[in-house]
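I have placed the structure first, in the form of structure tokens, so that the comments after it can refer back to it.
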Amino acid sequence: IMLHSTLALSLLLIAVTSNLAMAIKKEKRAPQTLSRGWGDEITWVQTYEEGLYQAKKSNKPLMVIHHLEDCQYCQALKKAFAENEEIQEMAQNNFIMLNLMHETTDKNLSPDGQYVPRIMFIDPSLTVRADITGRYSNRLYTYEPQDMPFLIENMKKALRLIQTEL
């Protein structure tokens, strides 16, 4: 009986340690999971609060992308966003980046409704830039795959506004 329980215990230990090793391995790849397909080279923050903190600390604007997994418009936008080198490069170097699949409690992030996809900018003074909008008057902060040049202009505008307002 003693031998049997020792064997069972060692098997249990092996199972626990291999799970732990897998968990540790997963931990290293955190940015991939947080990117959710929007760009694996980009460092993504996990929460809106963390995004605000990083924006203030680094003096970079925060870009918030609201999206949902089962939304075809979000998927199409994500693909265009991830494939655009200029956007990826700016997002990586000049912005604090956050993509969310749920709404925040900050009503300033949904000035014209809680639709997806929508992209908003918050500057380092923690002001939501309601003045940086997309091309559509019915959904001010939405972008379509063909709007990437427009989004690039808005990203540059978000960067310019910091320079002029500080």
Side-chain angles (χ1 to χ4, degrees), residues 27-166:
E27 200 50 49
K28 282 206 173 89
R29 281 208 337 262
Q32 313 309 35
T33 54
L34 284 178
S35 90
R36 300 187 181 93
W38 290 89
D40 286 344
E41 300 306 309
I42 298 169
T43 305
W44 297 88
V45 293
Q46 207 158 354
T47 62
Y48 182 51
E49 291 67 32
E50 185 192 344
L52 293 174
Y53 172 77
Q54 293 293 346
K56 203 177 177 75
K57 197 175 87 168
S58 66
N59 198 35
K60 291 177 178 177
L62 167 64
M63 182 172 180
V64 182
I65 305 171
H66 283 93
H67 64 107
L68 290 170
E69 211 45 68
D70 55 2
C71 151
Q72 62 182 17
Y73 303 105
C74 300
Q75 293 298 342
L77 182 64
K78 180 193 296 191
K79 189 176 184 320
F81 187 96
E83 287 171 0
N84 188 299
E85 282 180 28
E86 193 176 352
I87 287 179
Q88 291 291 307
E89 207 239 338
M90 271 199 292
Q92 200 177 334
N93 299 318
N94 309 107
F95 287 84
I96 303 301
M97 297 296 296
L98 172 66
N99 70 74
L100 286 178
M101 299 196 338
H102 58 84
E103 287 297 333
T104 65
T105 50
D106 187 346
K107 296 287 173 269
N108 297 312
L109 283 184
S110 50
D112 65 340
Q114 298 189 339
Y115 52 86
V116 290
R118 71 179 193 279
I119 299 179
M120 299 196 69
F121 298 93
I122 293 102
D123 65 32
S125 71
L126 308 188
T127 308
V128 176
R129 300 301 324 204
D131 53 347
I132 305 181
T133 55
R135 292 178 33 206
Y136 309 98
S137 54
N138 58 336
R139 293 185 162 194
L140 292 176
Y141 306 97
T142 204
Y143 296 83
E144 294 189 339
Q146 67 272 21
D147 297 333
M148 292 308 96
F150 202 80
L151 180 57
I152 289 169
E153 283 315 302
N154 276 346
M155 289 171 83
K156 288 178 177 167
K157 185 176 175 184
L159 292 169
R160 266 196 319 272
L161 286 170
I162 298 173
Q163 265 68 57
T164 57
E165 291 180 8
L166 284 182

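Scanning both residues, P61 and I162, for their nearest heavy atoms gives CD-CD1, 3.1 Å. Of all the heavy atoms in C71 and V116, the pair that sits closest is SG-CG2, 4.1 Å. Residues L52 and L126 share a closest heavy-atom pair of O-CD2, 3.5 Å. Nearest heavy atom pair, residue D112 against residue L140, reads OD2-N, 2.8 Å. Taking each heavy atom of T142 and P117 in turn, the nearest pair found is OG1-O, 2.7 Å. Of all heavy-atom pairs between E69 and K78, the closest is OE2-NZ, 3.8 Å.
Put simply, CG on L98 and CD1 on I42 are 12.0 Å apart, with the number rounded to the nearest 0.5 Å. Atom NZ of residue K156 and atom CG of residue L151 lie 11.0 Å apart, to the nearest 0.5 angstrom. Distance CG/N93 to CD/E41: 11.0 Å, rounded to 0.5 Å. Distance check: L159 CG to N94 CG gives 5.0 Å after rounding to the nearest 0.5 Å. Interatomic distance, R129 CZ to L62 CG, rounded to the nearest 0.5 Å: 13.0 Å.
The backbone N or O of N99 sits less than 3.5 Å from a side-chain atom of R36, completing a donor-acceptor pair. A donor-acceptor contact shorter than 3.5 Å is absent between the side chain of Q92 and the backbone of T43. In this structure, K60 contributes its side chain and M97 its backbone to no donor-acceptor pair below 3.5 Å. Judged by distance alone, with hydrogens and angles left aside, the side-chain atoms of N108 form no donor-acceptor pair with the main-chain N or O of V128 at under 3.5 Å. No donor-acceptor pair closer than 3.5 Å links the side chain of T127 to the backbone N or O of D123.
Screening residues 98-108 for salt bridge (Lys or Arg N to Asp or Glu O under 4.0 Å) gives E103-R118 as the qualifying pairs, with residues at least two apart or on separate chains. Residue pairs meeting the ring-ring contact (aromatic ring centres under 6.0 Å, His included) criterion with at least one member in residues 138-163: none, sequence neighbours excluded. Legend: ring-ring contact (aromatic ring centres under 6.0 Å, His included) pairs involving residues 50-71, not counting sequence neighbours, sorted by first then second residue: W38-H67. Residue pairs meeting the salt bridge (Lys or Arg N to Asp or Glu O under 4.0 Å) criterion with at least one partner in residues 140-154, sequence neighbours excluded, are R135-D147.
Y48 has its side chain within reach of I122: a pair of non-hydrogen atoms, C-beta onward, lies under 4.5 Å apart.
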**Request:** List the steps and the verdict of side-chain contact (heavy atoms from CB on, under 4.5 Å) for I119 and N154.
**Result:** CA-CA 10 Å; I119 299 179; N154 276 346; over 6 Å; no
**Asked** Run the side-chain contact (heavy atoms from CB on, under 4.5 Å) check on V64 and T104 step by step: do they pass?
**Response** CA-CA 11 Å; V64 182; T104 65; 5.8 Å; no
**Prompt:** Going through the distances and angles, do I65 and W44 end up as a side-chain contact (heavy atoms from CB on, under 4.5 Å)?
**Reply:** CA-CA 11 Å; I65 305 171; W44 297 88; 4.1 Å; yes
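Residues meeting the salt bridge (Lys or Arg N to Asp or Glu O under 4.0 Å) test with K157, sequence neighbours left out: none. By the salt bridge (Lys or Arg N to Asp or Glu O under 4.0 Å) test, E83 is found to be paired with K79, residues two or more places apart in sequence or in another chain being considered.
Atom CD of E85 is surrounded by 12 or fewer heavy atoms from other residues, nucleotides or ligands within 6.0 Å. Other residues, nucleotides and ligands contribute more than 12 heavy atoms inside 6.0 Å of the CD atom of E50.
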